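Supplied in structure tokens, the structure appears directly below.
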Number of protein chains: 2
Amino acid sequence: MRPQKVLDEEILTGLTKVFRAKGYEGASLKDLSDATGLKKASLYHRFPNGKQEMANAVLSHLDYWVTNNVFKTLLNEEITPQTRLKKGLAEIKRLYDDGNETCIFRALSMQAGVELFEEQIKNGMQEWIATFFNLGLALNFTKQEAEIMALQVLIEIQGSLIVCKGMGDIKIFETAVQQIENKYLNT
Amino acid sequence: MRPQKVLDEEILTGLTKVFRAKGYEGASLKDLSDATGLKKASLYHRFPNGKQEMANAVLSHLDYWVTNNVFKTLLNEEITPQTRLKKGLAEIKRLYDDGNETCIFRALSMQAGVELFEEQIKNGMQEWIATFFNLGLALNFTKQEAEIMALQVLIEIQGSLIVCKGMGDIKIFETAVQQIENKYLNT
DNA sequence: AATTACTTACCGAACATTCGGTAAAATTTA
DNA sequence: TAAATTTTACCGAATGTTCGGTAAGTAATT
């Protein structure tokens with residue numbers, strides 16, 4: 001049998017899983033090869049600039065996913081802000097597999113990774129903040145309130161994911177997401 | 001001259017700096033050697049079980065520091081809970097160098113590290129929660145309130161440190177600590 | 001006090017393994 | 001056949017770890 005072309009989507013999925021779990025330095029080409037089903041040299045065919053290009057592809061891939069799922073939902077003006085929030089938070093749960101998956105920002109922001117991806121991480125975080133700021137306004141909070149709340153959302157997601165992993169209890173993430181909903185809906 | 005003994009404190013300080021910044025896999029023996037002033041072989045003289053023993057020493061060292069500074073302050077019954085809180089938060093700022101240093105839990109809880117240090121990380125986090133739970137009770141919150149607040153403290157510290165690093169703005173950490181104080185003091 | 005034995009603290013060099021990366025060949029599509 | 005894709009085989013460098021050995025201190029013996 002001739003080796004069939006491995007689909008881009010499968011490759012991205014595999015790379016993403018490894019980088020999220022192990023970070024930049026921790027992710028070896030062997031890991032990436034095993035996760036994608038491609039040999040090292042084949043990965044270099046797809047990503048001539050090596051590991052860094054793979055990590056960049058993962059960042060872009062996730063940014064694309066978040067933009068077209070999380071943000072798109074949260075900013076969809078065809079439905080009420082309340083519904084947007086609930087559906088958007090559901091997408092966030094999907095993104096982090098209910099607390100089982102780490103955030104790529106966290107994984108790639110250790111020294112050795114942080115210099116390489118500084119800009120993407122910063123931009124990515126700003127997108128999160130901008131989106132929730134927008135939603136806050138739509139829910140009739142003041143600019144100042146919405147600003148503080150948006151930053152707080154990012155902090156609580158990141159924090160709960162870490163505590164989640166450290167304590168081995170995904171309920172912590174679930175609760176954090178629920179509290180975000182409550183805060184925005186005043187319940 | 002007989003080679004002068006490098007002080008344990010210096011070694012721990014160096015090891016801690018590297019593991020906090022780079023994580024377990026990211027910290028190479030070269031890094032650890034440079035940071036401590038001991039050659040690789042000498043590090044193995046002090047830590048016969050190698051890198052893992054070094055990381056464990058760092059965890060113990062930080063746990064000791066936190067116990068004798070952060071927790072001791074927060075639980076010091078000779079002063080009012082309000083004062084305890086303020087002084088304890090000041091110690092926390094010291095621990096994280098006002099947001100410039102990462103948390104060792106975060107650094108060591110990537111895959112490859114997480115299996116090795118699972119227990120210490122979990123126990124460490126539980127100590128944090130127990131301490132702030134105690135403080136919450138001392139400030140007349142109900143058991144349920146104090147429980148939620150304690151977990152929230154851990155989440156906000158961890159989360160703000162990550163967002164801090166990602167956004168390149170230590171003010172985020174400072175604000176988070178201030179909000180913790182406000183929450184406990186109802187201001 | 002002098003000799004001997006042992007321990008501590010460190011280091012250079014080598015170990016096997018794994019690292020990220022490359023060239024060339026094999027395989028398959030078109 | 002020409003182009004694209006994957007593989008085998010390989011490389012130098014870096015990894016964590018171990019070995020052999022040195023210099024200096026301590027303890028025990030005489």
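In what follows, chains carry the letters A, B, and so on, assigned in the order in which the sequence lines appear, proteins first and then strands, with residues in each chain numbered from 1. In this text the structure is predicted, and so the values were computed from the model without any measurement.
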Quiz item: Would a 4.5 Å heavy-atom cut-off, applied to side chains only, mark A:Trp65 and A:Val70 as touching?
Solution: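 SC-SC contact between A:Trp65 and A:Val70 confirmed.
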Quiz item: When you check the phosphate oxygens OP1 and OP2 of C:dA9, does a side-chain N or O of B:Ser42 lie under 4.0 Å from one of them?
Solution: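 No, because none of the side-chain N or O atoms of B:Ser42 sits under 4.0 Å from OP1 or OP2 of C:dA9.
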Write down the protein N/O and nucleotide N/O pairs, taken from nucleotides 15-20 of chain C, whose separation is under 3.5 Å; answer none if there are no such pairs.
residue, atom, partner, partner atom, Å
C:dC19, OP1, A:Ser28, OG, 3.2
C:dG20, OP1, A:Ala27, O, 3.3
C:dG20, OP1, A:Lys51, NZ, 2.9
C:dG20, OP2, A:Leu29, N, 2.7
C:dG20, N7, A:Lys40, NZ, 3.4
C:dG20, O6, A:Lys40, NZ, 3.2

Practice problem: Any pair with a residue in residues 152-170 of chain B that passes salt bridge (Lys or Arg N to Asp or Glu O under 4.0 Å), sequence neighbours left out, goes on the list, sorted by first then second residue, please. | Solution: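 Checked against salt bridge (Lys or Arg N to Asp or Glu O under 4.0 Å) - neighbours excluded - no pair reaches residues 152-170 of chain B.
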Self-check item: Proximal nucleotide (of C:dT8, D:dT5, C:dA23) relative to the A:Ala41 side chain
Solution: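 That would be C:dA23.
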Quiz item: Taking only residues at least two apart or on different chains, which pairs with a member in residues 23-42 of chain B satisfy salt bridge (Lys or Arg N to Asp or Glu O under 4.0 Å)?
Solution: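 Only B:Lys22-B:Asp31, B:Lys30-B:Asp34 qualify under salt bridge (Lys or Arg N to Asp or Glu O under 4.0 Å).
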Quiz item: OP1, OP2 of C:dC10 versus side-chain N and O of B:Arg46: anything below 4.0 Å?
Solution: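 B:Arg46 to C:dC10 OP1/OP2: side-chain N or O found under 4.0 Å.
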Quiz item: Using a cut-off of less than 4.0 Å, is there contact between a side-chain N or O of A:His45 and OP1 or OP2 of D:dT5?
Solution: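 A:His45 to D:dT5 OP1/OP2: side-chain N or O found under 4.0 Å.
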Practice problem: Taking only the side-chain heavy atoms of A:Lys39 (C-beta and beyond), determine which of C:dC11, C:dA9, D:dT8 contains the nearest atom. | Solution: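 Nearest listed nucleotide: D:dT8.
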Quiz item: For the pair made of CG in B:Leu43 and P in C:dG12, what is the distance, rounded to whole Å?
Solution: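 It is 13 Å, rounded to the nearest whole Å.
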Practice problem: Return each pair, listed once, that meets salt bridge (Lys or Arg N to Asp or Glu O under 4.0 Å) where at least one residue sits in residues 90-101 of chain A; pairs must be two or more places apart or across chains. | Solution: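 Checked against salt bridge (Lys or Arg N to Asp or Glu O under 4.0 Å) - neighbours excluded - the pairs reaching residues 90-101 of chain A are A:Arg20-A:Glu101, A:Glu91-A:Arg94.
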Exercise. For residues B:Tyr96 and B:Val177, determine if any side-chain heavy atom of one lies less than 4.5 Å from a side-chain heavy atom of the other.
Key: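 No, too far: nothing below the 4.5 Å cut-off.
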Practice problem: For DNA chain D, determine which residues of residues 54-62 of chain B have any heavy atom closer than 4.0 angstrom to one of its atoms, and list them numerically. | Solution: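 Listed by number, there are none.
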Quiz item: Using a distance-only test with no angle check, is there a side-chain donor-acceptor pair under 3.5 angstrom linking B:Gln178 and B:Asn182?
Solution: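 Their side chains do contain a donor-acceptor pair, which is all the 3.5 Å distance test asks for.
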Practice problem: Quickly work out the B:Lys22 NZ to D:dG16 P distance and round it to whole Å. | Solution: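 Between P of D:dG16 and NZ of B:Lys22: 11 Å.
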Self-check item: Separation of D:dT15 P from B:Asp34 CG (nearest whole Å)
Solution: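 Rounded to whole Å, this separation is 10 Å.
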Exercise. Kindly check if the number of other-residue, nucleotide or ligand heavy atoms within 6.0 Å of CD (B:Glu115) is above 12?
Key: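 Enclosed.
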Quiz item: Who passes salt bridge (Lys or Arg N to Asp or Glu O under 4.0 Å) against A:Arg106, sequence neighbours left out?
Solution: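 Result, salt bridge (Lys or Arg N to Asp or Glu O under 4.0 Å) vs A:Arg106: none returned.
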Exercise. Kindly assign one of parallel, tilted or perpendicular to the pair B:Phe132 and B:Tyr184, based on the angle between their ring planes and the thresholds 30° and 60°.
Key: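 If you compare the ring of B:Phe132 with that of B:Tyr184, the planes turn out tilted.
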